[in-house]
> 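This is the structure I have questions about; it appears just below.
Everything quoted here is computed from the prediction, not taken from an experiment.
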Amino acid sequence: MTPVEIVQGDSPIVLGLPHTGTYVPDDVLADLNERGRGLDDTDWHIHTLYEGLLPDTTSVRATFHRYVVDANRDPSGISLYPGQNTTGLVPLTDFDGHSIWTNAPDAAAIETRRAAFHVPYHAALETELDRVKRLHGFAMLYDCHSIRSDIPFLFDGRLPDFNIGTNLGTTCDPTIEKTTQDICAAAQGYSSVTNGRFKGGWTTRHYGRPSEGLHAIQMELAQSTYLTSETSPWTYDDEKAAKLRPLLTSILTKLTGLARTLKGKS
């Protein structure tokens with residue numbers, strides 16, 4: 001199993017998909033407990049939701065599960081949200097705070113997984129961003145995520161439908177953030193927030209360097225917006241998705257339309 005799936009296009013946007021993969025090597029699977037083997041914290045079907053939304057768009061998708069190693073965490077192990085409950089480079093618990101391991105990996109095992117999975121994913125992502133930047137004079141990473149709406153271990157209350165993350169406006173040009181905000185705010189029947197509980201993971205923070213012509217924004221969708229239920233078997237809801245996909249298309253299309261403005265600022 002290759003750790004990364006790449007679809008190349010010539011649009012200035014690169015879709016990052018770090019958490020849709022479900023591949024777990026046999027030796028890792030053997031160390032997971034029954035709860036861990038459920039893979040509940042997957043960004044279920046996000047690659048299907050975004051597929052074909054914008055012609056000629058590059059996507060970089062991790063095929064491995066985040067329990068193997070999390071492609072959206074700092075490889076040094078530093079927490080994204082100090083002082084708050086979260087999960088690490090190789091999570092020891094699920095999003096509900098329950099252990100997922102019978103035999104938790106030691107430091108050597110974590111390093112092996114980082115080298116085998118985390119490194120090639122980010123090598124591919126960086127390569128594609130560099131390629132797109134050479135084509136357009138800038139590149140935009142749109143990092144695609146989803147999560148259950150109600151997870152008391154991670155946040156209070158119910159999560160909004162659209163959760164936009166730019167690390168407090170530092171990872172992209174302000175027009176990118178505002179364009180995305182405006183579309184989400186105007187979407188009837190949906191709620192949204194910018195830099196709320198989720199401000200952008202390590203990927204967004206690492207690649208978002210607007211002064212260098214590299215822009216990054218994270219979109220964390222509530223899974224209730226496109227799944228039949230936020231419980232196993234995590235069924236993709238065609239009717240909900242059909243309502244949501246045009247909004248996502250509008251975001252990606254309008255972000256692409258910022259090309260002239262962003263190129264002038266790179």
> Apply salt bridge (Lys or Arg N to Asp or Glu O under 4.0 Å) to R158 and list each qualifying residue two or more places apart in sequence or on a separate chain.
none
> Does the separation of the ring centres of F64 and Y23 fall below 6.0 angstrom?
no
> Below 6.0 angstrom between ring centroids: does that apply to H98 and F153?
no
> Side-chain donor-acceptor contacts of residues 181-188 below 3.5 Å, not counting sequence neighbours, with atom names and distances?
{"from": "Q181", "atom 1": "NE2", "to": "T194", "atom 2": "OG1", "distance (Å)": "2.9"}
{"from": "D182", "atom 1": "OD2", "to": "K178", "atom 2": "NZ", "distance (Å)": "2.7"}

> Quick one: do H65 and T42 satisfy side chain to side chain donor-acceptor pair (under 3.5 Å)? Show the steps, please.
CA-CA 7 Å; H65 195 262; T42 308; 2.8 Å; yes
> Sub-3.5 Å donor-acceptor pair from the side chain of Q218 to the main-chain atoms of G201, do we have one?
yes
> So does I176 get a backbone contact from the side chain of T179, meaning a donor-acceptor N/O pair under 3.5 Å?
no
> For the residue pair Y207 / H122, report whether a side-chain donor-acceptor contact shorter than 3.5 Å exists.
yes
> With salt bridge (charged side-chain N to carboxylate O under 4.0 Å, His left out) as the rule and sequence neighbours excluded, what pairs involving residues 95-109 come up?
R35-D96, D96-R148
> Would you say the rings of W44 and H19 are close, in the sense that their centroids are separated by under 6.0 Å?
no
> List in chain and number order the residues that pass side-chain hydrogen bond (donor to acceptor under 3.5 Å, both in side chains) with E5, two or more places apart in sequence or in another chain; answer none if no residue qualifies.
R61
> Checking R73 now: which residues fulfil side-chain hydrogen bond (donor to acceptor under 3.5 Å, both in side chains) with it, not counting sequence neighbours?
T87
> List the atom of T171, the atom of G165, and the distance in Å for their closest heavy-atom pair.
OG1-O, 4.5 Å
> Which pairs pass ring pair (Phe, Tyr, Trp, His ring centres under 6.0 Å) with one or both residues in residues 157-195, sequence neighbours excluded?
F162-Y190
